[in-house]
Amino acid sequence: MDDRVQMKQLAYPPDTVIPPQRYSGDATFAEEVAKIFRRAWMFVGFANDLQNDNDFITAEIAGTSVLVQNFGGELRAFHNVCTHRYAQIHLRPCGNGKPVCPYHGWIFNRDGVPVGIPGNREHFGFDEAARKRLALPRFEVGVRGRFVFVRLEPGGRGLDEQLGAYGPVLDHLSEMFTDRIDEDVLPWDANWKTALESALEVYHVDATHPETFKKFAKKIWICSYEGEHSRGTTHLSDTSARWWDGVIERLGLPRSEMLRNYDHFMIFPNLAIGVTHGALMSVQTYDPVGPDRSNLHFRLFLGETSKPKTKGGPTRKAVEANVCGFNRTVLDEDRRVAESAHRGLKQVQVPAALGSCEERIAAFHQAWFARMAAE
Ligand code: FES
Ligand SMILES: [Fe+2]
């Protein structure tokens with residue numbers, strides 16, 4: 001046997017790779033919800049949307065609807081399900097308004113206690129203690145820069161400890177990228193792991209993105225690790241780098257001093273952040289919806305322009321259309337291969353043959369195994 005082939009196989013022995021049977025299936029999904037998604041700090045949105053009193057955002061963490069709300073300057077998170085008869089209290093992804101259930105109009109306070117119950121005396125007769133027992137379950141909130149996280153189950157490491165050296169990266173990104181130019185939630189018929197893995201290597205770029213990403217970046221992928229998280233960096237093609245230099249100049253966009261290439265961070269379990277030429281940030285979560293489905297929630301940001309007059313102008317509009325269109329096209333190409341791989345993995349038993357170019361996937365699998373081995 002060829003020595004190199006043997007070495008590569010030894011680099012990621014099959015028992016260190018998530019077997020296909022464990023990508024999907026109700027039992028694995030239930031275990032992931034319990035051991036990963038309920039215990040990890042999960043990114044749910046941006047503090048930009050929570051600046052004013054009564055601003056709120058909602059998010060779904062592996063089947064649990066969560067609201068995060070600004071109560072007089074303090075962010076608190078609650079289960080977004082009414083303790084009367086299960087309606088969702090806030091229905092929109094973000095907005096401003098007190099937590100009032102739209103079904104029968106129960107009003108909840110900053111402790112999640114229903115303080116306004118229409119016809120209480122007549123129909124329920126709840127005293128204060130009874131109302132407190134009907135409080136919405138509360139969850140922990142952690143904020144790093146503008147990135148807001150929620151943890152469903154208390155205990156374990158604090159957010160800063162979990163982020164490690166990537167905490168300061170989130171601070172930096174929060175200062176840099178303030179101007180959201182696109183956001184959407186795209187349903188994928190693929191398990192969240194299969195979906196996320198499409199973002200952890202550039203080996204697929206030539207075959208999957210021949211007209212898009214292949215022309216945008218070079219193929220060198222330098223990887224590094226921070227606990228359960230990882231980073232991959234590649235250089236933009238000369239044409240792309242020139243295009244971005246021109247855009248930065250004409251639109252007066254700031255450029256990061258720290259992130260100069262295409263820098264991609266994965267924060268376990270499902271947050272991915274890509275920064276292009278230090279001028280564009282893409283934030284994605286691969287949200288688990290079920291064993292065979294995920295939602296890709298993406299947001300695109302630019303920095304604050306030093307030439308405000310360009311905003312809404314034709315050049316800025318053309319650049320935004322180009323960047324947003326490119327992003328959506330690439331994601332759709334990724335969706336097609338991820339959905340195909342998801343259908344395929346349900347037909348085999350043998351673990352994937354990971355190469356050295358897929359080392360971030362191997363590291364992701366290691367982190368997954370460690371979480372799943374915990375009691
Ligand atoms: S379900 Fe919320 S008030 Fe009735
Ligand atoms: Fe891709």
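Order of appearance sets the numbers: ligands from 1, and atoms from 1 within every ligand. Count residues from 1 along the sequence.
In this structure, the side chains of Ile117 and Phe124 come closer than 4.5 Å at one or more pairs of heavy atoms. Between Arg131 and Val115 the shortest side-chain heavy-atom distance falls below 4.5 Å. The side-chain heavy atoms of Pro254 and Met176, taken from C-beta on, include a pair separated by under 4.5 Å.
Closest protein heavy atom to atom 1 (S) of ligand 1: Arg85 N, 3.2 Å.
Ring planes of Phe149 and Phe43: perpendicular class, angle over 60° (limits at 30 and 60°). Relative ring orientation between His84 and His104 is described as perpendicular, the plane-to-plane angle rising above 60° on a 0-90° scale split at 30° and 60°.
Protein N/O/S atoms found under 2.8 Å from the Fe ion (ligand 2): His204 NE2, His209 NE2, Asp334 OD1, Asp334 OD2.
Considering just the N/O/S atoms of His84, the one nearest atom 4 (Fe) of ligand 1 carries the name ND1.
In this structure, Val148 is not a member of the same hydrophobic cluster as Val283, with clusters built from ILVMFWY side-chain heavy atoms closer than 4.5 Å.
The distance from ligand 1 to the heavy atoms of Trp106 drops below 4.0 Å at these ligand atoms: 3 (S). Every atom of ligand 1 with a heavy atom of Cys101 under 4.0 Å away is listed here by number and element: 1 (S), 2 (Fe), 3 (S).
Here the two rings, on Trp192 and Phe364, have centers that are under 6.0 Å apart. Taking the six-membered ring for Trp and the full ring otherwise, the centers of Phe78 and Phe139 sit at least 6.0 Å from each other.
Distance check for His104 against atom 4 (Fe) of ligand 1: an N/O/S atom falls below 2.8 Å. Among the atoms of Cys82, none of the N, O or S atoms falls under 2.8 Å from atom 4 (Fe) of ligand 1.
For the pairing with His365, the side-chain hydrogen bond (donor to acceptor under 3.5 Å, both in side chains) check across Arg360, Glu197, Glu358 returns one residue only, Glu197.
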